[in-house]
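Working notes, beginning with the structure itself.
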Protein chains: 2
Amino acid sequence: MTSELQGRVRPVEVDRTSPVPLYFQVATRLQELIEKGEIGVGARIENEVDLAERLGVSRPTTRRAIQYLVERGMLIRKRGVGTQVVHPKVRRPVELSSLYDDLVAGDRAPRTEVLRLEVMPAPDLIANALEVAPGTPVTWIERLRYAGGEPLALMHNAIPLDVLPLTQDDLATHGLYELLRRNGLTPRIATQVIGARSATSAEAKTLTEKRGASLLTMTRTAWDAGGRALEYGSHVYRASRYSFELNLSAG
Amino acid sequence: MTSELQGRVRPVEVDRTSPVPLYFQVATRLQELIEKGEIGVGARIENEVDLAERLGVSRPTTRRAIQYLVERGMLIRKRGVGTQVVHPKVRRPVELSSLYDDLVAGDRAPRTEVLRLEVMPAPDLIANALEVAPGTPVTWIERLRYAGGEPLALMHNAIPLDVLPLTQDDLATHGLYELLRRNGLTPRIATQVIGARSATSAEAKTLTEKRGASLLTMTRTAWDAGGRALEYGSHVYRASRYSFELNLSAG
DNA sequence: TCCTGGAGTTTGTCATGACAAAGTATTGAC
DNA sequence: GTCAATACTTTGTCATGACAAACTCCAGGA
């Protein structure tokens, strides 16, 4: 019960000429120390006041750095006690990225086949999800996504025409989210529903599954920072090849 | 193009005698105004400096209140532009709650049947998920969850014995998370994997589904603020009756 | 022995002041 | 009239100072 938990952080230098905010420099450095295990799980880090003084930054700056890691689930703070390492890895909140990006990052050789691409007036269901008037022109896309040479997912998307016109070539070589971002459209908020159902015979054939095989379903609507609906998607994944991973943290 | 977007917030009073932090009072009041539609979607709110002055609080306090709503997806900020309402409802991040709590909240009359409850040494898979030594004593639970009189989910959980001893009676009438919280154990971080598969004949029978019906699967490990693993769960849900809803926001 | 009270530690909240950076709008030159 | 430079607005970052609240620990009294 003495000072066994008093893991002291090593010197952290800040670069005031850098355009990177100081609080972020401090947070990044702390994160490195924790990920490398130099500050072990369970250890308390230096208190805010001392840490600030040693780094030559103000206490609010130090606080903000620590807060950043608290929100990511690495640290917890207790008033009167201190700040403790609870997990050596960053637990990201659920990410807002496309399947394509995920596969690229996971080195699973994605390929996309565009089955259909047409402009049509939005039916009620889609108009409702996108919060636009029924009949608003949208680009309707059906794509088959392969990974490692095998079909993985059948994807249906609707993108309002005035958000972004899309071509077959773009979609064959890039993820939808990448195309959105490239045009300055950044998804910021999304609502998703994840469920499951059995494959229809057409779906089974397309995905090279048996009829009645279990499929994961995901429908999503994504909005940009301005509150404009960018995309509605209704996808089915081969449950035998794919699952969703989530990291949650509660306030 | 004049000032149509300049929705000004009405007077907001702060109560300095209240134990509720000022930033939270301001945030709550702003949230109310937005939810009631008094500040419409797309409207800009007053700038930080003016708002602070009018409320008689400092700019950091105002900033913190606004930041709180930004993180919840109601507002977005742009440097040089201002702060804009993008959504009239709070978009909560994915919640860390149990199915039981959700059903109670949704008024779906949950009922729980405890099929099995025993203490056993943790097998490798579970020990691994809980990050404890293999063989550590855990309480192993199998429960059948009903909603609206019908079976909804078959739930398997492992709780380390030194975290919390459990009895059959407790579990029949309360959700697992409620029991944890009641004993001062608050889940703070969790990792989940959501997938799907076909029901085995035993599962189908228990859940009154046809053999081969699609089931949603969810495995989860939850940790408390101290980084201690509280619970490992492996559940299957009737896909015909249940799906997961998520709200995401990307920084 | 127990437990109550107070001192000390550490994070939580709040104020004030200052400058930087990123947009927007206006003005002026060509 | 068009375009570029400039002024202005608004949020982003940072410092300093102060007090409050929650927790731990130890000493003293019942």
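Since we're looking at a predicted model, the values are computed, not measured. Chain A is the first sequence line, chain B the second, and so forth, proteins listed ahead of strands; every chain is numbered from 1.
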- Task: For the residue pair B/R77 and B/Q67, confirm or rule out a side-chain donor-acceptor distance under 3.5 Å.
- Result: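 Per modelled atom types, B/R77 and B/Q67 side chains form a pair under 3.5 Å.
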Starting at atom [atom1] of [X], determine the distance to atom [atom2] of [N], rounded to an integer number of angstrom.
X	N	atom1	atom2	result
B/L51	D/dT11	CG	P	9 Å
B/E48	D/dG12	CD	C1'	8 Å
B/Y68	C/dT13	OH	P	12 Å
B/R44	C/dT24	CZ	C1'	10 Å
B/D50	D/dT10	CG	P	7 Å
B/L75	D/dT10	CG	C1'	15 Å
B/Q84	D/dT10	CD	P	13 Å
A/N47	D/dT24	CG	P	16 Å

- Not counting sequence neighbours, list each pair that qualifies as a ring pair (Phe, Tyr, Trp, His ring centres under 6.0 Å) and has a residue in residues 29-64 of chain B.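 Non-adjacent pairs meeting ring pair (Phe, Tyr, Trp, His ring centres under 6.0 Å): zero.
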- Task: Just grab all the ring pair (Phe, Tyr, Trp, His ring centres under 6.0 Å) pairs involving residues 47-67 of chain B, residues at least two apart or on different chains.
- Result: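 For residues 47-67 of chain B: none.
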- Under a 4.0 Å heavy-atom criterion, the protein footprint on nucleotides 14-21 of chain D, written with B, S and -, is SBB-B--B
- Starting at the 5' end of DNA chain D and moving along, which residue's nearest nucleotide shows up first, A/K78 or B/V49?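 It is B/V49, whose closest nucleotide lies nearer the 5' terminus.
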- Which residues pass the salt bridge (Lys or Arg N to Asp or Glu O under 4.0 Å) test with A/E32, sequence neighbours left out?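 Scan of A/E32 (salt bridge (Lys or Arg N to Asp or Glu O under 4.0 Å), adjacent residues dropped) gives A/R29.
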- Task: Could you tell me which residues satisfy salt bridge (Lys or Arg N to Asp or Glu O under 4.0 Å) with B/R59, sequence neighbours excluded, listed by chain and number?
- Result: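 B/R59: salt bridge (Lys or Arg N to Asp or Glu O under 4.0 Å) contacts with B/E48.
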- Ignoring backbone atoms, test whether B/R77 places a side-chain nitrogen or oxygen under 4.0 Å from the OP1 or OP2 oxygen of D/dG12.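 For B/R77, the contact criterion (side-chain N or O under 4.0 Å from OP1 or OP2 of D/dG12) is met.
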- Query: Is the shortest side-chain N/O distance from A/T83 to OP1 or OP2 of C/dT11 below 4.0 Å?
  - Reply: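 For C/dT11, OP1 or OP2 has a side-chain N or O of A/T83 closer than 4.0 Å.
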- Item | Under the side-chain contact (heavy atoms from CB on, under 4.5 Å) test, residues paired with A/D170 that sit two or more places apart |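 Scan of A/D170 (side-chain contact (heavy atoms from CB on, under 4.5 Å), adjacent residues dropped) gives A/T167, A/L179.
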- Task: Compare every heavy atom of A/I34 with every heavy atom of A/L75, then report the nearest pair and how far apart it is.
- Result: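 Residues A/L75 and A/I34, closest heavy atoms: CD2-CD1, 3.7 Å.
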